[in-house]
Amino acid sequence: MGKVIVLDHPLIKHKLTFIRDKNTGSKEFRELVKEVSMLMAYEVTRDLPLEEIEVETPITTTKAQIISGKKLGLVPILRAGLGMVDGMLNLLPAAKVGHVGLYRDPETLKPVEYYCKLPYDIEERELIVLDPMLATGGSATAAIDFLKKKGSNSIKLVCLIAAPEGIDAVQKAHPDVDIYVASIDEKLNEDAYIVPGLGDAGDRLFGTK
Ligand code: PRP
Ligand code: URA
């Protein structure tokens, strides 16, 4: 079973509070999502392999460590996942970015795919799938299904807020995928929105609605 890692650092908790606040406008919302994503990138990459090299300091030569050739790919689920890309790229500037477009049909609540463009070598990369919201888990499960069909065998999922139902769904469908979240909220409401959540992440990021 994949691990669920709750990143409950005080800075993340503090910023998430203002992300949840309905009075936070799009500009500030975007900035906060970017900042939290950057903080999450720090923990999500904790297990990256290191290798030793020799480096010359102004004083002497010493052995020191660098990240050892692990190729990363960020895969935001459109639209709302886009809000997490820049923060992650701040810490992981060499990562390639692929895009998977999915929206949740408001009637059936099932994910509908409408776009896909991925790095050509995804099977060699550790993919980090980004979506602020893990509600029923339908979108994340479909995106991961899709990435595996395209050849990926190393995937992490990073979300700001998850409902227990979404975590269960992803863990059942993809037991090899670890899930990183800033908060596990209480439940889904009758419209499959996360409670208390933050509302509609795409609309709040892009000012639609
Ligand atoms: C939101 C969110 C997730 C999905 C989560 O996207 O960004 O992708 O819903 O719900 P689920 O876990 O029940 O699938 P939405 O479908 O609203 O599309 P958008 O990002 O284009 O607004
Ligand atoms: N998608 C969102 O943007 N918010 C939710 O609470 C659930 C799905």
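Both ligands and their constituent atoms are indexed starting at 1 by order of listing. Everything quoted here is computed from the prediction, not taken from an experiment.
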Using a strict 4.0 Å threshold on nitrogen-to-oxygen distance, state whether Lys156 and Glu126 make a salt bridge. yes
Out of all atoms in ligand 1, which are within 4.0 Å of some heavy atom of Gly137? Include the element for each. 11 (P), 12 (O), 13 (O)
Leu72 and Arg125 have their tightest heavy-atom pair at O-NH1, 2.8 Å
Ile67, CD1 atom: more than 12 neighbouring heavy atoms under 6.0 Å: no
Who's the nearest protein heavy-atom neighbour of atom 21 (O) of ligand 1, and how far? Arg79 NE, 3.1 Å
Close side-chain approach of Thr136 and Leu188, heavy atoms under 4.5 Å: yes
At what distance is the nearest protein heavy atom to atom 7 (O) of ligand 1, and which residue and atom is it? Asp131 OD1, 2.8 Å
Find all atoms of ligand 1 within a distance of less than 4.0 Å from any non-hydrogen atom belonging to Tyr103, and give their numbers and elements. 16 (O)
Which protein non-hydrogen atom lies closest to atom 17 (O) of ligand 1, naming both residue and atom, and how far is it? Asp200 OD2, 4.1 Å
Ligand 1 versus Ala201, non-hydrogen atoms closer than 4.0 Å: side chain, backbone, both, neither? neither
Taking all atoms of both residues into account, what is the closest heavy-atom pair of Ala140 and Val170, and its distance? CB-CG2, 4.1 Å
For atom NZ of Lys148, decide whether the heavy atoms of other residues, nucleotides or ligands shown that lie under 6.0 angstrom number more than 12. yes
Rounded to the nearest 0.5 Å, what separates atom NZ in Lys34 from atom CZ in Arg30? 11.0 Å
For atom 5 (C) of ligand 1, the closest protein heavy atom turns out to be Met133 O, 3.5 Å
Considering residues, nucleotides and ligands other than Tyr114, do more than 12 of their heavy atoms fall under 6.0 Å from its OH? yes
Heavy atom of protein closer than 4.0 angstrom to atom 1 (C) of ligand 1: no
Would you say Pro132 has any N or O atom under 3.5 Å from an N or O of ligand 1, going by distance alone? no
Can you confirm whether Asn153 sits close enough to Glu123 that some side-chain heavy atom of one is under 4.5 Å from a side-chain heavy atom of the other? no
Residues around ligand 2, heavy atom under 4.0 Å from any ligand atom, sorted by chain and number. Can you pull those? Arg104, Met133, Ala135, Ala192, Tyr193, Ile194, Gly199, Asp200, Ala201
Please confirm whether the backbone N or O of Gly138 pairs with a side-chain atom of Thr141, one donor and one acceptor, at under 3.5 Å? no
Test: Asp145 and Lys150 ion pair at under 4.0 Å: no
Got the closest protein heavy atom to atom 13 (O) of ligand 1, with its distance? Thr136 OG1, 2.5 Å
What is the nearest protein non-hydrogen atom to atom 16 (O) of ligand 1, stated with its residue, atom name and distance? Arg104 N, 2.7 Å
Is there a path of hydrophobic side-chain contacts, each under 4.5 Å between heavy atoms of I/L/V/M/F/W/Y residues, joining Leu82 to Leu130? yes
Would you check whether Ser139 has a nitrogen or oxygen atom less than 3.5 angstrom from a nitrogen or oxygen atom of ligand 1? yes
